[in-house]
Amino acid sequence: MSVRGGPPGDALNPAGRRDPRAWDHRGMGDSPFEDLDVQSLAARDGMKWSKAEPGTIACWVADMDFPVPPPVREALIRRVDTDLGYPAWAIGEAQNPLAPAFAERMERRYGWRPDPAHVRCYNDINQALQVVLVTCTRPGDAVAMHTPAYTPFLQTLGEMERPLLPIPMEETSEGWEFDLDRLDRDLRGRGCRALVLVNPQNPTGRAFRRPELEGLAELAERHDLLVIADEIHADLTYAPRRHIPFASVSPDAAARTITLTSATKAFNLAGIRCCVAHVAPAAVREALAAQPQHLFGEVSVFGVDATLAAWREGDAWLDGALRVLDRNRRLIAERLPVGARYHVPEATYLAWLDLRAFGLGPDPAAHLLAEARVMTVPGPSFGPGGDGFARLNFATSTGVLQEILARVAKALPAR
């Protein structure tokens with residue numbers, strides 16, 4: 001299925017599709033995001049599509065189907081054509097250019113000015129989380145986190161023997177919320193050392209409000225929690241909601257928070273393996289500095305150059321992607337069959353589908369895979385609160401999403 005567009009004169013590849021490399025991101029509208037079809041996507045060799053059997057539509061792992069932003073492609077080609085030697089910042093005598101770029105972007109988009117001197121770079125958010133936990137907590141220390149929760153974070157806590165203290169997300173008429181008073185009670189006497197705050201929240205798509213963040217900040221101070229704020233989906237927040245960095249909420253929050261982010265989600269660059277961590281707590285910076293210099297590795301010049309290009313030149317591409325994603329999140333609400341429950345996400349490109357009414361057991365994703373040939377993420381993998389749910393990635397063309405929704409509707413039992 002294909003939805004094609006664009007002005008006359010689009011460059012076409014031999015298969016008759018517009019070549020996304022020819023896209024002028026300054027004036028092509030939504031066509032690079034809509035010119036996608038299942039057949040061409042299935043030929044990709046990345047994790048998302050290579051794990052899907054023939055005839056199955058992959059909408060599971062959080063990769064977009066969209067083409068690479070042109071400024072990123074140009075930056076990577078420029079790097080290959082210029083110098084693949086050791087970068088100047090690799091030997092510690094020069095600052096990694098991502099540090100000031102991160103600070104500039106946070107101030108420009110969110111009104112928060114972090115200190116570039118406190119920025120560290122890692123391969124991805126999961127590595128950064130593990131580095132902080134291994135240096136600043138001990139086995140047996142509990143870690144609070146909203147549930148259902150991002151699956152790799154749950155796996156990290158299990159592998160590192162940091163017991164989960166769940167903060168249940170509860171369904172209300174306004175969407176997904178949580179109980180601050182309950183969290184306060186749960187924290188007492190639990191030996192909780194850290195709060196992992198995923199904001200916007202994955203998988204529910206909740207963009208936490210300022211009162212919620214202020215309440216969390218008060219509890220973090222009261223219970224002396226280290227806060228690890230994963231804000232990787234910040235740039236994927238839909239108006240009228242606005243992302244609020246946790247470190248911007250109060251002076252105490254700023255002083256105890258490690259903020260993790262990356263260009264990989266908003267700009268579809270997971271394979272470049274690059275993220276930044278703003279490490280505000282002095283004790284954490286000291287603990288990291290005490291480790292052997294190369295223990296945690298170093299990011300590559302490709303990751304740095306791609307991230308710089310995305311943050312400094314990619315916002316026109318991001319605006320176009322958000323237009324399509326905004327339409328898609330609403331299309332799901334319109335096309336889901338009676339009985340399926342779904343709160344339109346305020347951020348991310350992930351739909352948290354409640355399919356409990358269909359009697360498909362704890363893992364309806366297995367039914368969707370077998371009967372609809374649609375590959376989603378099983379709800380139980382997100383921990384407490386995940387039974388009966390499936391997470392669907394809608395970062396694809398409208399045409400492909402329509403096919404997904406048609407298959408899902410046909411496969412679900414009649415009610």
Side-chain angles (χ1 to χ4, degrees), residues 125-126 129-130 132-134 136-231 244-247 249-250 252-260 280-281 283-284 343 346 352 354 356 362 379-389 391:
I125 298 288
N126 293 294
L129 172 65
Q130 292 178 2
V132 173
L133 290 178
V134 80
C136 300
T137 67
R138 297 176 297 179
D141 288 344
V143 176
M145 184 165 58
H146 292 90
T147 55
Y150 177 52
T151 304
F153 283 6
L154 291 174
Q155 294 171 339
T156 282
L157 297 187
E159 292 167 358
M160 298 184 70
E161 300 179 3
R162 272 64 172 178
L164 170 69
L165 192 161
I167 310 171
M169 297 294 290
E170 301 171 350
E171 186 179 16
T172 74
S173 60
E174 301 299 319
W176 295 97
E177 300 178 0
F178 65 97
D179 188 336
L180 281 164
D181 291 333
R182 172 179 172 169
L183 176 58
D184 189 17
R185 294 192 299 270
D186 289 347
L187 285 168
R188 296 171 189 166
R190 288 293 302 272
C192 191
R193 176 71 183 95
L195 164 66
V196 174
L197 174 63
V198 180
N199 180 35
Q201 210 268 338
N202 176 9
T204 65
R206 173 76 169 187
F208 290 121
R209 315 293 195 264
R210 183 171 293 277
E212 293 173 313
L213 297 175
E214 290 173 344
L216 286 172
E218 292 174 3
L219 292 182
E221 182 176 8
R222 183 181 309 163
H223 297 278
D224 193 23
L225 301 178
L226 177 69
V227 179
I228 307 167
D230 168 14
E231 302 186 359
I244 303 170
F246 184 75
V249 168
S250 70
D252 183 80
R256 69 174 60 250
T257 299
I258 299 161
T259 301
L260 310 180
V284 178
H343 291 281
E346 300 166 341
W352 187 234
D354 181 354
R356 289 176 292 182
S381 69
F382 294 89
D387 285 3
F389 287 77
R391 194 192 74 176

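Small disclaimer: the values here were computed from a predicted structure and weren't measured. Computation of the quantities below employed the complete heavy-atom set of this structure, encompassing side-chain atoms and omitting hydrogens, waters and symmetry-equivalent molecules. Heads up: numbering here begins at 1 and tracks the sequence.
Residues Arg356 and Asp387 are not in side-chain contact: their nearest non-hydrogen atoms beyond the backbone lie 4.5 Å or more apart. Within the 4.5 Å cutoff, side-chain heavy atoms of Glu231 are placed close to those of Pro245.
Annotation: the span from Leu197 atom CG to Leu260 atom CG amounts to 10.5 Å, rounded to 0.5 Å. Atoms CZ and NE2, on Arg190 and His223 in that order, are 12.0 Å from each other to the nearest 0.5 Å. Note that CG of Asp141 is 11.5 Å distant from CG of Leu157, once rounded to the nearest 0.5 Å. Atom CG of Leu133 is separated from atom CZ of Arg138 by 13.5 Å, given to the nearest 0.5 angstrom. Put simply, CZ on Phe153 and CE on Met145 are 7.5 Å apart, with the number rounded to the nearest 0.5 Å. Here the CD1 atom belonging to Ile125 is positioned 11.0 Å from the CD1 atom belonging to Ile228, to the nearest 0.5 angstrom.
Annotation for Leu180 and Leu216: closest pair CD2-N, 3.8 Å, computed over non-hydrogen atoms. Contact detail for Pro281 and Leu226: the closest heavy-atom pair is CG-CD1, 4.0 Å. Taking each heavy atom of Thr204 and Pro148 in turn, the nearest pair found is CG2-CG, 4.4 Å. Arg391 and Asn202 make their closest contact through NH1-OD1, 3.2 Å (heavy atoms, listed as atom of the first residue, atom of the second, distance). Nearest heavy-atom pair across Thr137 and Arg193 is CG2-CG, 3.5 Å. Taking every heavy atom of both residues into account, Ala217 and Ala253 meet most closely at CB-CB, 4.1 Å.
Side-chain atoms of Thr172 come within 3.5 Å of backbone N or O of Glu174 as a donor-acceptor pair. With hydrogens and angles disregarded, a donor-acceptor distance shorter than 3.5 Å links the side chain of Arg209 to the backbone of Ala207. Looking only at distances, a side-chain donor or acceptor of Thr151 sits under 3.5 Å from a matching main-chain atom of Ser381. When atom types are taken as modelled, the side chain of Arg162 and the backbone of Met160 share a donor-acceptor pair closer than 3.5 angstrom. At distances below 3.5 Å, not a single donor-acceptor pair connects side-chain atoms of Glu177 with backbone N or O atoms of Arg206.
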Passes salt bridge (Lys or Arg N to Asp or Glu O under 4.0 Å), Asp184 versus Arg188? Steps please. CA-CA 7 Å; Asp184 189 17; Arg188 296 171 189 166; 3.3 Å; yes
Determine whether Tyr150 and Asn126 satisfy the following criterion, side chain to side chain contact (heavy atoms under 4.5 Å, CB included), listing intermediate values before the conclusion. CA-CA 10 Å; Tyr150 177 52; Asn126 293 294; 3.6 Å; yes
Could you go through Val249 and Thr257, starting from their C-alpha distance and side-chain angles, then the distance that decides it, and tell me whether this counts as side chain to side chain contact (heavy atoms under 4.5 Å, CB included)? CA-CA 11 Å; Val249 168; Thr257 299; over 6 Å; no
Give the intermediate values and the outcome of side chain to side chain contact (heavy atoms under 4.5 Å, CB included) for residues Trp176 and His343. CA-CA 8 Å; Trp176 295 97; His343 291 281; 3.6 Å; yes
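Remark: Ser250 engages no residue in a side chain to side chain donor-acceptor pair (under 3.5 Å) (not counting sequence neighbours). Here Asp186 pairs with Leu165, Arg182 under the side chain to side chain contact (heavy atoms under 4.5 Å, CB included) rule; sequence neighbours left out.
Phe389 and Trp352 have parallel rings, their planes meeting at less than 30° on a 0 to 90° scale where 60° marks the start of perpendicular.
Aromatic pair Phe208/Phe246: centroids not less than 6.0 angstrom apart.
Of the candidates Asp179, Leu195, Leu187, Ile167 forms a side-chain contact (heavy atoms from CB on, under 4.5 Å) with just one, namely Leu195.
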